[in-house]
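First up is the structure itself, then whatever we jot down about it.
Just follow the structure's listing: the first ligand is 1, and inside any ligand the first atom is 1.
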Amino acid sequence: MKTFFPEVSAPIAYEGPDSKNPLAFKYYDANRIVGNKTMAEHLRIAVAYWHTFVGNGGDPFGAPAYERTWDTGSTALERAEHRARAAFEFFTKLGVNFYCFHDRDISPEGANASEYVKNMEHMTGLLKALQNDTGVKLLWGTSNLTANPRYTHGAATNPDPAVMACAALQVKTTMDATKELGGVNYVFWGGREGYETLLNTNMQREMEQMARFFHMVVDYAKTTGFTGQLLIEPKPKEPTKHMYDFDAATVLGFLRQYDLIDHFKLNIEANHATLAGHTFDHDLTIASMNGKLGSIDANVGDLLLGWDTDQYALDLETVTKCMLIVLKQGGLNPGGLNFDAKVRRGSIDGLDLFYGHIGSMDAFARGLLTAQRILDDDLLPKFVRDRYAGYDDGLGKRIMDGKESLTSLAEWAMNHEEPQRRSGRQEMLENLLQSYF
Ligand code: XLS
Ligand code: NI
Ligand code: NI
């Protein structure tokens, strides 16, 4: 049988922190028990089909830069088949259990709607067979509602309802495929759900359209018995200047306003959080404290560049803070860590795809181990708990129990000394965090 990654002959093995083998894991040890489950169960790592097998290294200044061994075949469908076989060879050799796709990543759009549906059915059949052969599972599916020029002014938020109908066809078809493949989540990222200028835009109507669309999605999932978790992935800008799903807090407000809050969770992407002017752990925390952190797009941006560079996350502090939040909420299942990341344009070999994933899998494994140690030691969490202890009893508890009023508190302040000031100990805590690395 043809192999697409001949440079990697055996599955990537765990060799431990002292290994200098670039094709080995130093920290990611799938079956190692951390706390109450294995590393693989904690991390639920997924490969992103689009960046890894479709991305061609092209950018606004240059043509495609990669020559992929799987990008061969006389028809688009044949090329899609080769790509699928390459993808499953990659998953197996890397040793990951999950993958994620957009409809257009796995299957050619075709010349019209019925060709689109036919191609999707064909490719779903092939992916199902490959899943059965390898045991690799689908973490989530999604529809690409950004690339086709018909979506220039939005999909569900387009002023033309005929465009919403096209989006409906894609979401219905992709959700059917996701269900058929046993996918446990379905993601919505609204890249063109937003606007460029209010001179031509009725924002209120567009938001109402988007809400209606999501209600139709919820109804469809119910009637077809798709039980996967529905997820919305916030992003503030790019490709559209103003995007409605700006960040976690904005999406939560939208879901509450339009009575959708019970049906969706969030898929938080690191690079999107930083584009919104937040840190990754800020948006993770907003989602998690609302019981809505469903899944994660694990990547990182470049703070010197102002766009979604989608790089493999390596920074230990960032990944540790992420895993702390995940551990504290008891895990991500059925979500996971989708590596929504790509190699740089100059990294032209298939082998580079392995290096990118290996490095970031190791980083998240270290992040997990470090976060578990931090929780076990209970020094950092205890500091935060103690900081709010005033609200655990006495005056603070009475306030939170609704037993005080503005008047009674004012009187309390009149009868007491100025509050004692306390240091936030930021530098001490930063040093403590460093001591774990
Ligand atoms: C783009 C998004 C996209 C989603 C899936 O910025 O990250 O890749 O994850 O549509
Ligand atoms: Ni993403
Ligand atoms: Ni992104």
Side-chain angles (χ1 to χ4, degrees), residues 44-56 59 98-107 109 138-148 151 154-156 167 170-171 173-175 177-178 183 185-194 210 213-214 217 228-248 251 264-278 280 283-284 287 293-303 305-313 318 322 332 335-344 356-357 360:
R44 295 172 63 79
I45 290 168
V47 172
Y49 213 96
W50 51 103
H51 286 313
T52 314
F53 311 110
V54 186
N56 57 26
D59 71 12
F98 298 97
Y99 71 111
C100 300
F101 64 68
H102 299 82
D103 49 356
R104 320 173 42 118
D105 305 332
I106 57 164
S107 173
E109 257 195 299
L138 180 61
L139 186 69
W140 51 261
T142 186
S143 299
N144 181 322
L145 304 178
T146 54
N148 190 299
Y151 297 122
Q170 273 187 257
V171 170
T173 308
T174 316
M175 196 174 268
T178 303
N185 302 271
Y186 194 86
V187 164
F188 293 88
W189 168 63
R192 305 226 186 250
E193 310 296 27
M210 192 162 83
F213 189 77
F214 282 136
V217 165
Q229 174 69 60
L230 303 177
L231 298 163
I232 294 181
E233 179 176 326
K235 184 175 181 179
K237 55 190 168 192
E238 198 210 11
T240 307
K241 180 174 169 183
H242 299 274
M243 277 157 56
Y244 297 136
D245 297 334
F246 189 92
D247 59 2
V251 175
F264 288 85
K265 285 192 175 180
L266 304 185
N267 181 42
I268 300 296
E269 175 166 324
N271 205 162
H272 298 180
T274 51
L275 282 177
H278 304 307
F280 185 24
D283 249 27
L284 290 171
L293 177 57
S295 201
I296 291 176
D297 269 13
N299 63 11
V300 72
D302 182 328
L303 293 180
L305 302 173
W307 62 92
D308 200 13
T309 60
D310 288 339
Q311 290 167 238
Y312 297 93
T318 306
C322 166
L332 283 174
L337 295 177
N338 167 45
F339 277 28
D340 194 355
K342 61 185 176 204
V343 291
R344 299 303 90 189
H357 284 86
S360 198

Is there any N or O on [X] that sits under 3.5 Å from an N or O of ligand 1?
X: His272; value: yes
X: Glu269; value: yes
X: Asp297; value: yes
X: Trp140; value: no
X: Asn267; value: no

**Request:** Using a strict 4.0 Å cut-off to heavy atoms of Lys235, name the atoms of ligand 1 that fall inside it.
**Result:**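 That gives atoms 1 (C), 6 (O) of ligand 1.
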**Asked** Which pair of heavy atoms, one from Trp140 and one from Asn338, lies closest together, and at what distance?
**Response** CZ2-ND2, 3.1 Å
**Request:** Heavy atoms only: give me the nearest Arg344-Asp310 pair and the separation to one decimal.
**Result:** NH2-O, 3.2 Å
**Prompt:** Counting N and O atoms only, with roles assigned by atom type, does the side chain of Asp247 sit under 3.5 Å from a partner on the main chain of Pro234, one being a donor and the other an acceptor?
**Reply:**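 No; judged by distance alone, with no hydrogens or angles, the pair does not exist.
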**Prompt:** To the nearest 10°, what's the angle at the Ni ion (ligand 2) between atoms OD2 (Asp297) and OE2 (Glu233)?
**Reply:** 100°
**Request:** Supply the atom-to-atom distance Trp189 CH2 to Asn267 CG, rounded to the nearest 0.5 angstrom.
**Result:**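 Interatomic distance, Trp189 CH2 to Asn267 CG, rounded to 0.5 Å: 12.0 Å.
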**Request:** For ligand 1, note which part of Asn338 has a heavy atom under 4.0 Å away: side chain, backbone, both or neither.
**Result:**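 It is neither part, as no heavy atom is under 4.0 Å.
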**Message:** Heavy-atom contact check, 4.0 Å cutoff: does Glu238 meet ligand 1?
**Reply:** no
**Message:** Yes or no: does Asp308 have any heavy atom under 4.0 Å from an atom of ligand 1?
**Reply:** yes
**Request:** Report yes or no: does Glu269 have an N/O/S atom closer than 2.8 Å to the Ni ion (ligand 3)?
**Result:**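 Yes, within the cut-off.
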**Prompt:** So does Asp308 have any N/O/S atom less than 2.8 Å away from the Ni ion (ligand 3)?
**Reply:** yes
**Message:** Is the ring pair Phe264/Phe214 parallel, tilted or perpendicular, if the boundaries are 30 and 60 degrees?
**Reply:** perpendicular
**Asked** Given Asn148, which of Glu109, Arg104, Arg192, Gln170 fulfils the side-chain hydrogen bond (donor to acceptor under 3.5 Å, both in side chains) condition?
**Response** Glu109
**Asked** side-chain hydrogen bond (donor to acceptor under 3.5 Å, both in side chains) with Asn299: which of Glu269, His272, Gln311?
**Response** Glu269
**Request:** With the side chain counted from C-beta on, respond yes when Leu230 and Tyr186 share a heavy-atom pair under 4.5 Å apart, and no when they do not.
**Result:**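 They are in side-chain contact.
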**Asked** Is Asp340 close enough to the Ni ion (ligand 2) to have an N, O or S atom under 2.8 Å?
**Response**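 Here the distance criterion (N, O or S atom, under 2.8 Å) is met by Asp340, so yes.
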